[in-house]
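Counting convention: from 1, in listed order, for ligands and their atoms alike.
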Amino acid sequence: MTPSYPVSRPRRLRRTPPLRRLVAPVTVRPASLVQPLFVKEGIAEPQPVPSMPGVVQHTRDSLRKAAAEAVAAGVGGVIVFGIPAVKDGRGSAADDPDGIVQLALRDLAADVGSDTVLMADLCLDEYTDHGHCGLLTPTGEVDNDATLDRYAAIAVAQAEAGAQVVAPSGMMDGQVRAIRGALDSAGYADVSICAYSAKYASAFYGPFRDAAECAPQFGDRAAYQQDPAARDALREVLLDVGEGADIVMVKPALAYLDVISQIAASVQLPVAAFQVSGEYAMVEAAAANGWLDRERTIFETLTAISRAGADIILTYWATEVAQQAR
Ligand code: PBG
């Protein structure tokens, strides 16, 4: 029976693809996507990462090709993670001008530095033999303030090598202020800081620790990364804003859409979200089993992250999605 009174019919706007397209404000823009890339010292061929099918640890050469491909696809940026051949207690390779990340940044700055945004993850866990994101006290705790000096030195080394954005991911208190100060005094006032501001102690980083060979050798990161059950995201973000962050990031993404939405509503800075290794691995594994439609799932997760309020999304699918969007 047709009702005799006017009925609100949302389905009217879903009737045809052009209507749906017209009324959908959320888009996944290639220029908003950032491709994470791993580069490893001392390998002759790219090494597949078993828990992240399709992702490899690059040689310097294959990294250059991957970055060129990402840029040709139209991604907004690339973020480089380095894996040194030798690790030690203070993560010496992280700020070595001839360390793998600095060499790779110089390569990419020359190749694609004027066509894309060149970002560098700024942390110690890939470089320390104990796998923690900071220096340790004699009793094995992460020493917040001593670590800040290391981060400051790494920021300057990365900027000197051509990074246009440094992305501190270690969750030390005061890290943005320390890095901003070091960059400014070294003449890199133009280098931006994308702060991993709301970064949770997450099981979703599991595959990354294979890719970057940085699993903590003892303990976990729960004493510095955020507790998923705590409500301290906005506090962390506002501190970083006050210390000079240019972009604030939430990580992981899909399980933290409420946090992305809260931050996007609360600050005037661009908000980034990191769709992390475990989010990638879950979809790839389910798709490989025929349990999920891979492309639709990827697109739906990115749409959700974008709808929540992320302006920038770091995703291992960046190049592929950008290629499809063209
Ligand atoms: C720390 C860092 C991590 C990730 C990005 N930067 C690992 C961690 O905090 O344990 C995770 C990224 C991912 O899982 O894709 N340098």
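- Closest approach of Met172 to Val142, counting heavy atoms only: CE-CG1, 3.6 Å.
- Tyr196 is not connected to Ile154 by any chain of hydrophobic side-chain contacts under 4.5 Å among Ile, Leu, Val, Met, Phe, Trp and Tyr, and they are in different clusters.
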Name each N or O atom in ligand 1 that is under 3.5 Å from a protein N or O, and give the partner atom and the distance.
unit_1: ligand 1; atom_1: 6 (N); unit_2: Lys251; atom_2: NZ; d: 3.3
unit_1: ligand 1; atom_1: 9 (O); unit_2: Lys199; atom_2: NZ; d: 2.6
unit_1: ligand 1; atom_1: 9 (O); unit_2: Gln225; atom_2: NE2; d: 2.8
unit_1: ligand 1; atom_1: 10 (O); unit_2: Arg209; atom_2: NE; d: 2.9
unit_1: ligand 1; atom_1: 10 (O); unit_2: Arg209; atom_2: NH2; d: 2.6
unit_1: ligand 1; atom_1: 10 (O); unit_2: Arg221; atom_2: NE; d: 2.9
unit_1: ligand 1; atom_1: 10 (O); unit_2: Arg221; atom_2: NH2; d: 3.4
unit_1: ligand 1; atom_1: 14 (O); unit_2: Ser277; atom_2: N; d: 3.3
unit_1: ligand 1; atom_1: 14 (O); unit_2: Ser277; atom_2: OG; d: 2.7
unit_1: ligand 1; atom_1: 15 (O); unit_2: Ser277; atom_2: N; d: 2.7
unit_1: ligand 1; atom_1: 15 (O); unit_2: Tyr316; atom_2: OH; d: 2.6
unit_1: ligand 1; atom_1: 16 (N); unit_2: Asp121; atom_2: OD2; d: 3.2
unit_1: ligand 1; atom_1: 16 (N); unit_2: Asp125; atom_2: OD1; d: 2.8
unit_1: ligand 1; atom_1: 16 (N); unit_2: Asp125; atom_2: OD2; d: 3.3
unit_1: ligand 1; atom_1: 16 (N); unit_2: Glu126; atom_2: OE2; d: 3.3
unit_1: ligand 1; atom_1: 16 (N); unit_2: Ser169; atom_2: OG; d: 3.2

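- Contact detail for Thr116 and Gln164: the closest heavy-atom pair is O-OE1, 3.3 Å.
- In terms of heavy-atom proximity, Val26 sits nearest to Thr303 at CG1-O, 3.6 Å.
- Cation-pi geometry between Lys40 and Phe81 is not met at under 6.0 angstrom from the ring centre and within 45 degrees of the axis.
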Ring pair (Phe, Tyr, Trp, His ring centres under 6.0 Å) between Phe204 and Phe274, intermediate numbers included: CA-CA 11 Å; Phe204 289 104; Phe274 200 142; over 10 Å; no

